[in-house]
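To find a chain, count down the sequence lines: A is the first, B the second, and so on, and within it residues start at 1.
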Amino acid sequence: MDPVAATHFVMQLYVLVLSALIGLEVIAKVPVLLHTPLMSGSNAISGIVLVGAITLGCGAESSLARLLANGAVFLATVNVVGGFVVTDRMLSMFRKQTPKARDGQKGSEGKT
Amino acid sequence: MDPVAATHFVMQLYVLVLSALIGLEVIAKVPVLLHTPLMSGSNAISGIVLVGAITLGCGAESSLARLLANGAVFLATVNVVGGFVVTDRMLSMFRKQTPKARDGQKGSEGKT
Amino acid sequence: MLINVNTWASVLHGALLVAGVGFVLCLKLLASPRTARQGNAIGALAMLLACGATLAQAQPDVGAIRAMLVAAAAGAVVGVITGRRVHMTAMPQLVAVFNGLGGAASVFVAGGELVRWGGHAGGALQLNPIGEIGPALALSAWAGAWVGGLTFSGSLIAFGKLQGLLSSQPVCIPKGRIAVCLTLLLLLGAGGAMVIAPKSLLLFGIVVVIAEILGILLTLPIGGADMPVVISLLNAYSGLAALACGFVVNSPLLILSGSLVGASGIILTRLMCQAMNRSLANVVFGAFGAATQQTSGQDGKEMKEFSPLDTAMLLRNAERVIVVPGYGLAVSQGQRAVREIADVLKQQGTQVVYAVHPVAGRMPGHMNVLLAEADVPYDDLLDLEAVNPEFLHTDVTLIVGANDVVNPAARDDPSSPLAGMPILHADKSRAVIVFKRGKGRGFAGVENPLFTADNAHVVFGDAKQSLTAVASHLKQL
Amino acid sequence: MLINVNTWASVLHGALLVAGVGFVLCLKLLASPRTARQGNAIGALAMLLACGATLAQAQPDVGAIRAMLVAAAAGAVVGVITGRRVHMTAMPQLVAVFNGLGGAASVFVAGGELVRWGGHAGGALQLNPIGEIGPALALSAWAGAWVGGLTFSGSLIAFGKLQGLLSSQPVCIPKGRIAVCLTLLLLLGAGGAMVIAPKSLLLFGIVVVIAEILGILLTLPIGGADMPVVISLLNAYSGLAALACGFVVNSPLLILSGSLVGASGIILTRLMCQAMNRSLANVVFGAFGAATQQTSGQDGKEMKEFSPLDTAMLLRNAERVIVVPGYGLAVSQGQRAVREIADVLKQQGTQVVYAVHPVAGRMPGHMNVLLAEADVPYDDLLDLEAVNPEFLHTDVTLIVGANDVVNPAARDDPSSPLAGMPILHADKSRAVIVFKRGKGRGFAGVENPLFTADNAHVVFGDAKQSLTAVASHLKQL
Ligand SMILES: NC(=O)c1ccc[n+]([C@@H]2O[C@H](COP(=O)([O-])OP(=O)(O)OC[C@H]3O[C@@H](n4cnc5c(N)ncnc54)[C@H](OP(=O)(O)O)[C@@H]3O)[C@@H](O)[C@H]2O)c1
Ligand SMILES: NC(=O)c1ccc[n+]([C@@H]2O[C@H](COP(=O)([O-])OP(=O)(O)OC[C@H]3O[C@@H](n4cnc5c(N)ncnc54)[C@H](OP(=O)(O)O)[C@@H]3O)[C@@H](O)[C@H]2O)c1
């Protein structure tokens, strides 16, 4: 690799490692209740490959590359949009439960 | 800026922002007891400019630049070494206290 | 003028970085109940921003824009409709499908970039204008292809199992381990080849095909009930595939988001395993060894049957009732019938609460969603620690399609496969009534001594039907 | 051979990245009592790794290496000696000095790079081989110069105040605010000029001088007692100076670490302010407005004096004693005398505990360090929540050089400057004995009604001397 590309690659690695550290740190303690929405929410984020698909679609000249790009745009959009919609739907149901843990405990204390 | 330098600058900004996010995340909740050691420990880390001083010293040709580099190496080393030493000394005193919070409370419970 | 162009470019770069921070914030907020919904909205906004800025950055010709907009619109419509329509209980398989699509998109992107390399150097190779593709770039394309491909086929298998299209039993592939090792070796070899000939579409295709096979080999042996964990793992993989694509198309935002989702997904998978008291290795490779299930010592005792009418009469005289919902309730969709019974009981002055085990059902939070759908007030949902002391003072415990989460063997028998999992102490209550269809076992495939205990009776049949019968008897009594 | 060179370069880059992760880990571990010491060690190792890898990467000639090694060795010796020798109570000023040195080093590095730009393009300009210095680079040098310079002079002032070389009273600079605004404007202007003429050493020097003045202007008006907060803030600044240098010498590790320390330092400063119940703006700009201190209504009551002998007799008959240490104990270094008294009392069967307020003294954890030095067993140190209920059942409370942390006005008088700060309820105990030199006030400069309360008596004099007298009386009684 020429030095410019190598330097760039090193910077990419920094971004990779730092982002991973943030990912590890942020999900340190999640209540079980939120595992499913967190899964589907982060699934929607991983649809970020949509950005890659757009980049490809904008730069591609051969029809094969364009086809692949448009296919990727379609698939990734389903992933992104569906993911966020379904997560929101799930969370809207949890919302009613949000104070559950607290109230639930209060309730049980009251009863004991 | 030419595109290569611009791209590189963007990557540097990513590293900057991500590191800041980690910094914010990591120091979310520190007991007061640890404020002073944390301050002096992170002070030692900020002596990382030592690395910059070394880079400068290795590449400099003019005697002024070399002088500045060696001065910076000296100052930064005092900062780094002194910082870590003093933090360790402080923490070694706290160590005796570490189980304090727990035992302290136990003690007081026992007395009540 | 030059400054203007530069400024605009900086704004776009800044927007992409802001989107990245938005994703971090999204995950952070998603991890706390109070802020989760907000977090999801922020994630969606960040995605919009990212797409807009990318488009503005690339300045494509009208034809390309039009084609992509059509594709995106179609995708959005499909996404919204499935996202809105799908049943809450089908959530895991839905996430699996979305996941698979994301993996496939990664494959497409990596492949498309490869096609461009074959043509002439441009876009992503700005930094390397010679047009020579270094090993880092070639390996990124390789990684995008196989991680994405594996995610795709694995997710489809997971979907098939959860949706009932495939048998949800663990399938024991003969010589499965050897086959997996072989495909892995093949993948490595293909990677080496791609470094040498990075522009070969044939090689890329081979990698994809091998990866698809690997995905199937890895997922097929896993039982349907373990699928939520597998989906979470595949979710992490789809993040890693996006990460690889980030190197391929040279997008720091993709690298950031992919790495973020990959790392957090792996942690989340671990947390899910812990909640179910299983190890990840056990989940992923469990079925490769012996798929035989323990048929532990039946103690010869038989279940004692109860009719819905018996149940209704017992409930009439109860002062405290606890309902333990489980997977069977989700299967039979009987949550409204449960609430009906609870309503009648509350009218007669009986105290009714629900004991929600964290891993009851087939996805985390399953029971909370189910009961929320039936408008059960959340004050009535008690979690493990809160409810366990209550069983001692309880007259009747209704176990509706739950099994493993009330299996006393987990507590009493250290040799049980469930040993160590915290359970609901339903067996401590005065009377226990179990709603189940037959002698079926729970997810862990273990005999449940509670069902044959002296204080326990079983109402056989589909939970919804039995419950409806109980409710109507109750109203007539 | 080529591959070997490449591999080695990759290893070095990897080592630097590992060092960065080490710093993150260091901070993370430092934030929890159990792991803090480990964290510090990891940080030191990471620093060693970073320096080694940087040297290996740059492959300097022998002369340069020798000079740098000498400088580093000298620095290490100074660092170890001061770090080892310094008194625990002088910790804040020591950190201030180290901090200032770091800031100065940043200025040197930025300046040295500038000198190189003046010469011919090399090293840091790899990416920009034309030798033209873009605005981003010029502004980085500018930022390194002024943030570093400000950190240096500000830290020295802080040191002077804490060490007693300067008056620790807030100095009210006439037209201070205007002067600060003016220097800020000058700095901005100089920044613009540096973009145009990035290689001008003169400009650079001007920026540094202005920054030094700014540091003095900002720090001088702040009272000595607020210095820990200021030092923490300057610590964040020294991180930001390193960050700027990271752009100047093009080192991602410097950017990472500088940003990390900068962000966490700012958060830490906020936390410290919260613990002292002050706002950061109040600390930094408090003295600019009115440096006059409130001389709140003296209620005409006088302090009642007690002799050490009276105190000893009172203690002889006490069953429960609480010691409240404060800043005055640190000043007089009387911690061993305190322990001696406690030992005698324990022998006679009296229960003795220490009430440690989180912000007693002049740095967080000050009292813990002080008492640990005197070998007070940690079981005897109770924190605010644990000890407050105890005062009610306590016969004698000894207040040794504490003032604000036992001021009942904080609890009872909403108009008090201390209002809202949680305090130790020493006034609730049967008898209170205060050790202080005279009628001096505490850090907040507020009258303390406790000292004139009916159940309170004051032993005037230096805490160490009074305590030693009490101890010897106790032994003789
Ligand atoms: N929550 C999660 O995230 C998650 C994810 C993966 C795995 N798991 C695992 O799944 C298990 C959950 O335990 P669980 O107690 O909820 O369920 P379970 O142990 O799987 O038991 C389900 C019970 O429901 C009965 N059933 C099935 N369909 C029914 C119907 N239509 N009407 C009435 N009864 C029906 C079954 O018996 P019959 O066949 O006799 O009717 C069975 O006894 C745990 O072992 C957990 O570790 C949980
Ligand atoms: N811990 C931190 O991190 C930190 C940092 C900055 C500020 N602060 C602030 O500092 C204050 C700490 O409260 P504090 O109660 O510990 O101390 P304080 O309120 O500052 O009071 C110190 C007392 O000690 C007496 N004293 C001084 N030298 C003495 C000596 N040689 N012998 C005997 N007595 C002596 C003084 O009275 P005489 O002059 O009459 O002797 C004074 O009443 C709080 O307001 C806190 O917010 C704390």
* Among C:Val78, C:Val24, C:Ile266, C:Leu254, single out the residue with the greatest number of heavy-atom pairs under 4.5 Å to chain A. => C:Leu254

* Asked: For C:Thr269, is it the side chain, the backbone, both, or neither that has a heavy atom closer than 4.5 Å to a heavy atom of chain A?
  -> neither

* Asked: Just how far is it from atom OG1 of A:Thr55 to atom CD of C:Glu113, taken to the nearest 0.5 Å?
  -> 8.0 Å

* Structure fact -> Okay, C:Pro377 and chain A: the region with an atom under 4.5 Å from a heavy atom over there is neither

Between side-chain atoms of residues 97-108 of chain C and protein atoms elsewhere (two or more places apart, or another chain), which donor-acceptor pairs fall under 3.5 Å?
{"residue": "C:Asn99", "atom": "OD1", "partner": "C:Ser238", "partner atom": "OG", "Å": "3.1"}
{"residue": "C:Ser106", "atom": "OG", "partner": "C:Gly102", "partner atom": "O", "Å": "3.3"}

* Structure fact -> For A:Thr77 and C:Ala76 the tightest heavy-atom approach is CG2-N, 3.5 Å

* Asked: Just wondering, do C:Pro252 and A:Gln12 contact through their side chains at under 4.5 Å, heavy atoms?
  -> no

* Structural part of C:Val86 lying under 4.5 Å from a heavy atom of chain A -> both

* For C:Ala36 and A:Leu34, work out which heavy atoms get closest and say how close. => CB-CD2, 4.2 Å

* Could you tell me whether the side chain of C:Cys26 reaches within less than 4.5 Å of the side chain of A:Ile45, counting heavy atoms only? => yes

* Asked: Which bit of C:Val95 comes within less than 4.5 Å of chain A, counting heavy atoms only: side chain, backbone, both or neither?
  -> both

* **For chain A, the option from C:Ala242, C:Ala236, C:Ala58, C:Ala72 that forms the most heavy-atom pairs under 4.5 Å** => C:Ala72

* Structure fact -> CG of A:Leu38 to CG of C:Leu29, rounded to nearest 0.5 Å, is 11.0 Å

* **Atom pair CG (C:Leu94) and OG (A:Ser40), whose distance is rounded to the nearest 0.5 Å** => 8.5 Å

* Look at atom CZ of A:Phe84 and say whether more than 12 heavy atoms of other residues, nucleotides or ligands are closer to it than 6.0 Å. => yes

* For chain A, find which of C:Ser232, C:Ser251, C:Cys245 contributes the most heavy-atom pairs closer than 4.5 angstrom. => C:Ser232

* **Side chain, backbone, both or neither of C:Met47 within contact of chain A (heavy atoms, under 4.5 Å)** => side chain

* Which heavy atom in A:Leu68 sits nearest to a heavy atom in C:Gly111, and how many Å separate them? -> CD1-C, 3.8 Å

* Asked: Can you tell if the side chain of A:Ser19 reaches within under 4.5 Å of the side chain of C:Ile255, non-hydrogen atoms only?
  -> no

* Asked: In terms of heavy-atom proximity below 4.5 Å to chain A, should C:Met91 be classed as side chain, backbone, both, or neither?
  -> side chain

* To do: Compare every heavy atom of A:Cys58 with every heavy atom of C:Leu55, then report the nearest pair and how far apart it is.
  => CD2-SG, 4.0 Å

* To do: Begin with the C-alpha distance, continue with both residues' side-chain angles, and end with the deciding distance and a verdict on side-chain contact (heavy atoms from CB on, under 4.5 Å) for A:Ser92 and C:Arg37.
  => CA-CA 7 Å; A:Ser92 72; C:Arg37 213 174 166 191; 3.5 Å; yes

* Flag the one option from C:Val109, C:Val70, C:Val80, C:Ile65 with the top tally of heavy-atom pairs under 4.5 Å to chain A. => C:Val109

* Asked: How long is the span from the CE atom in C:Met68 to the CG atom in A:Leu56, to the nearest 0.5 Å?
  -> 9.0 Å

* **Qualifying salt bridge (charged side-chain N to carboxylate O under 4.0 Å, His left out) pairs, either residue in residues 63-85 of chain A, two or more places apart** => A:Arg66-C:Asp61

* At what distance, to the nearest 0.5 angstrom, does CD of A:Glu25 lie from NZ of C:Lys28? -> 9.0 Å

* Given side chains that start at C-beta, do those of A:Ile54 and C:Cys51 come closer than 4.5 Å, heavy atoms only? -> yes

* Taking C-beta and beyond as the side chain, do C:Asn235 and A:Ser46 meet within less than 4.5 Å on heavy atoms? -> yes

* Structure fact -> Scored by heavy-atom pairs under 4.5 Å with chain A, the best of C:Ser259, C:Ala263, C:Ala50, C:Gly79 is C:Ser259

* Report yes if the side chains of A:Phe9 and C:Leu137 come closer than 4.5 Å at any heavy-atom pair, otherwise no. => no

* Non-hydrogen atoms of A:Arg89 and C:Arg84 that approach each other most closely -> NH1-O, 2.6 Å

* Asked: Between A:Ala76, A:Ala60, A:Ala28, which residue shows the highest count of heavy-atom pairs closer than 4.5 Å to chain C?
  -> A:Ala60

* Structure fact -> Per-residue tally against chain C (heavy atom, under 4.5 Å) across A:Gly59, A:Gly47, A:Ala65 peaks at A:Gly59

* Nearest atoms (heavy-atom pairs only) where C:Ile267 meets A:Ile27 -> CG2-O, 3.5 Å

* Can you tell which of A:Val86, A:Val80, A:Ile48 has the highest number of heavy-atom pairs within less than 4.5 Å of chain C? -> A:Ile48

* Structure fact -> Most heavy-atom pairs under 4.5 Å with chain C, out of A:Asp88, A:Thr87, A:Val26, belong to A:Asp88

* **Between A:Leu50, A:Val17, A:Leu64, A:Leu18, the one whose heavy-atom pairs under 4.5 Å with chain C are most numerous** => A:Leu64

* Asked: Between A:Ser42 and C:Leu30, is any pair of side-chain heavy atoms under 4.5 Å apart?
  -> no

* Asked: If you round to the nearest 0.5 Å, how far is CG of C:Asn40 from CG of A:Leu91?
  -> 6.0 Å

* Any side-chain heavy-atom pair from C:Ile231 and A:Asn43 closer than 4.5 angstrom? -> no

* Structure fact -> Applying a strict 4.5 Å limit to non-hydrogen atoms, the region of C:Leu260 in contact with chain A is both

